[in-house]
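Worksheet for the structure shown next.
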Number of protein chains: 2
Amino acid sequence: MTTTAGTQRIPLDRDRVLAAAVDLADHEGLDAISMRGLAAGLGVVPMALYKHVADKDDLIDGMVDTVVTAYAATDPALTGADAVRSRILAARRALVEHPWMRRAIETRTRRTPAVLAHMDDVAGAFLAAGYSVDLTHHAMHALGHRIWGFSPEAFEEPPRTPPTPAEQEATLRVMSERYPHITAIALDTATRNPSGACDEQDEFEFTLDLLLDAFARLRDAGWASHP
Amino acid sequence: MTTTAGTQRIPLDRDRVLAAAVDLADHEGLDAISMRGLAAGLGVVPMALYKHVADKDDLIDGMVDTVVTAYAATDPALTGADAVRSRILAARRALVEHPWMRRAIETRTRRTPAVLAHMDDVAGAFLAAGYSVDLTHHAMHALGHRIWGFSPEAFEEPPRTPPTPAEQEATLRVMSERYPHITAIALDTATRNPSGACDEQDEFEFTLDLLLDAFARLRDAGWASHP
DNA sequence: GAGCTAGGTGTACGGCGTACACCGGTCGAT
DNA sequence: ATCGACCGGTGTACGCCGTACACCTAGCTC
């Protein structure tokens with residue numbers, strides 16, 4: 001089981017390890033990432049990976065970096081809030097392709113070069129559009145994880161097995177009694193989208209634009225946080 | 001080691017298990033929560049916990065519920081966005097006391113009664129203030145995790161050992177060359193707060209008010225998402 | 001040819017969540 | 001008074017995890 005007859009093993013390198021990890025996470029989810037499983041997929045013994053990544057944390061940092069590095073560069077024709085918007089939506093596209101990124105980013109603490117570069121680009125777009133350093137700072141805070149292409153969702157749906165109509169009616173009755181307001185929201189959504197699901201992309205862009213708009217207003221008003 | 005001479009063991013119940021878990025997490029962090037460690041702290045064998053919680057996931061759901069249940073009720077004198085604001089800031093106070101809540105909430109999928117009740121209260125406050133169901137829905141999305149008292153922070157600082165002044169200068173030079181914009185922000189912050197740290201509470205309230213303000217404007221303009 | 005190095009191996013350790021069989025009390029029904 | 005059910009705590013064991021450490025080998029440099 002060392003080498004398949006005659007075929008030479010191409011030696012691993014960090015990029016191949018990371019690419020395999022990204023691929024595995026894309027198909028099986030972040031929880032499926034284990035040093036053992038990843039190694040098996042590469043036809044290699046688990047400890048071999050440690051020649052290319054420091055530890056599992058470094059592996060996941062590397063995966064994040066791999067994806068962030070691949071973000072499309074901002075269209076240089078865009079300026080100001082449009083440049084920010086375009087960069088953030090590029091991040092979101094990557095995020096939709098790699099759903100595990102969301103949780104991966106949330107648990108990272110080290111800031112790798114690609115991550116810093118993305119933050120720097122977003123900040124740079126604000127500054128180039130005449131936002132003060134001060135206001136840019138606040139805008140970055142306000143955008144939060146939105147600059148990575150997602151918003152944290154209080155409303156997130158648990159993956160569920162579809163209930164029978166009877167169950168559905170029973171829970172609806174209970175819900176509307178105990179939680180009338182969120183039930184009203186759910187029912188209102190359902191009138192427009194029978195599946196009852198929210199259009200996450202819409203919500204994302206809605207809030208993104210709301211925030212960008214609010215910040216543009218502050219900029220135009222000459223706002224400053226310090227007296 | 002069954003029972004200390006004479007003293008009767010008070011039997012465990014779910015609430016005592018959850019309270020012990022919350023306490024442990026408060027002092028040692030969420031990662032310190034293991035069935036084995038928690039059991040040891042309670043002077044009990046690990047499997048004993050499974051008589052009171054279904055599994056580790058249920059344990060953490062229960063911990064979240066415990067804290068959320070303890071949120072101060074909204075001051076009934078407050079109305080509208082003020083009621084929302086007050087409820088969210090109450091959540092934030094709880095979050096500061098229980099730092100592990102942040103990560104715990106982020107990884108939850110099940111929505112427990114206390115969690116639903118909090119969401120329902122926030123939504124109810126909007127509706128009571130004359131926001132349409134539609135607009136309330138969008139506002140809840142936009143607030144995202146903010147209704148739990150925190151915002152996801154792109155800017156989060158890793159816990160770090162303070163570097164020597166020489167190192168500090170070296171990294172500053174590298175940073176300001178490669179990432180001029182975020183460095184500018186950091187330096188600007190440092191002029192007002194020598195530690196260079198952001199005031200998270202300020203940033204939180206700033207964005208919260210920005211959003212509440214933007215939504216109030218939409219309400220007053222009679223905004224609706226559907227034509 | 002000696003020695004170094006990079007990359008892959010094998011073994012082992014300590015931790016985790018939890019399935020499963022068990023066992024001593026308490027208590028209600030007979 | 002006896003029996004059975006049930007409830008809370010126990011003990012053992014399994015399979016997974018990350019990774020430390022010693023090792024082996026092929027190829028390269030001097």
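Within every chain, numbering begins at 1; the chains are lettered A, B, ... in the order of the sequence lines, protein sequences first and strands thereafter.
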Grab the N/O contacts between the protein and nucleotides 17-19 of chain D below 3.5 Å, and write none if there aren't any.
{"from": "D:dC17", "atom 1": "OP1", "to": "A:Ser34", "atom 2": "OG", "distance (Å)": "3.1"}
{"from": "D:dG18", "atom 1": "OP1", "to": "A:Lys56", "atom 2": "NZ", "distance (Å)": "2.9"}
{"from": "D:dG18", "atom 1": "OP2", "to": "A:Met35", "atom 2": "N", "distance (Å)": "3.0"}
{"from": "D:dG18", "atom 1": "N7", "to": "A:Arg36", "atom 2": "NH1", "distance (Å)": "2.3"}
{"from": "D:dG18", "atom 1": "O6", "to": "A:Arg36", "atom 2": "NH1", "distance (Å)": "3.3"}
{"from": "D:dG18", "atom 1": "O6", "to": "A:Arg36", "atom 2": "NH2", "distance (Å)": "3.2"}
{"from": "D:dT19", "atom 1": "OP2", "to": "A:Tyr50", "atom 2": "OH", "distance (Å)": "2.8"}
{"from": "D:dT19", "atom 1": "OP2", "to": "A:Lys56", "atom 2": "N", "distance (Å)": "3.0"}
{"from": "D:dT19", "atom 1": "O5'", "to": "A:Tyr50", "atom 2": "OH", "distance (Å)": "3.4"}

Subject >> side-chain contact (heavy atoms from CB on, under 4.5 Å), paired with A:Val84, selected from A:Leu211, A:Val122, A:Thr136 >> reply: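 When A:Leu211, A:Val122, A:Thr136 are each tested with A:Val84, the side-chain contact (heavy atoms from CB on, under 4.5 Å) holds only for A:Val122.
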Original post:
What pairs with A:Arg87 under salt bridge (Lys or Arg N to Asp or Glu O under 4.0 Å), at least two apart in sequence or on another chain?
Top reply: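 For A:Arg87 the salt bridge (Lys or Arg N to Asp or Glu O under 4.0 Å) partners, ignoring immediate neighbours, are A:Asp121.
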Original post:
Any idea which of D:dT10, C:dG8, D:dG8 is nearest the A:Pro11 side chain?
Top reply: C:dG8
**OP:** May I have the distance from B:Leu49 (atom CG) to D:dG11 (atom C1'), rounded to whole angstrom?
**Re:**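 Going from B:Leu49 (CG) to D:dG11 (C1'), I get 15 Å.
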**OP:** Measure the distance from CG on A:Leu42 to P on C:dG7 and round it to the nearest whole Å.
**Re:** 15 Å
**OP:** Taking atom CZ of A:Arg178 as the centre, report whether more than 12 heavy atoms of other residues, nucleotides or ligands fall under 6.0 Å from it.
**Re:**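 No, the 6.0 Å shell around CZ holds no more than 12 heavy atoms from other groups.
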Subject >> Side chain A:His145, main chain A:Arg102, donor-acceptor under 3.5 Å >> reply: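 No.
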**OP:** Check ring-ring contact (aromatic ring centres under 6.0 Å, His included) between A:Phe204 and all other residues, then give those that pass, not counting sequence neighbours.
**Re:**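 ring-ring contact (aromatic ring centres under 6.0 Å, His included) check on A:Phe204 returns nothing, list empty.
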Original post:
Who passes ring-ring contact (aromatic ring centres under 6.0 Å, His included) against B:Phe215, sequence neighbours left out?
Top reply: none
**OP:** Salt-bridge test for B:Asp58 and B:Arg14: reply yes if a basic N is under 4.0 Å from a carboxylate O, no otherwise.
**Re:** yes
Original post:
Phosphate oxygens OP1/OP2 of C:dG8: is one of them under 4.0 Å from a side-chain N or O of A:His52?
Top reply: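 Result: yes.
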Only pairs under 3.5 Å count here: list side-chain donor-acceptor contacts from residues 91-99 of chain B, not counting sequence neighbours, and write none if there are none.
{"from": "B:Arg92", "atom 1": "NE", "to": "B:Gln201", "atom 2": "OE1", "distance (Å)": "2.6"}
{"from": "B:Arg92", "atom 1": "NH1", "to": "B:Gly149", "atom 2": "O", "distance (Å)": "2.8"}
{"from": "B:His98", "atom 1": "ND1", "to": "B:Asp26", "atom 2": "OD1", "distance (Å)": "2.8"}
{"from": "B:His98", "atom 1": "ND1", "to": "B:Asp26", "atom 2": "OD2", "distance (Å)": "3.1"}

Pairs under 3.5 angstrom, nitrogen or oxygen only, protein versus nucleotides 21-24 of chain C, please.
none

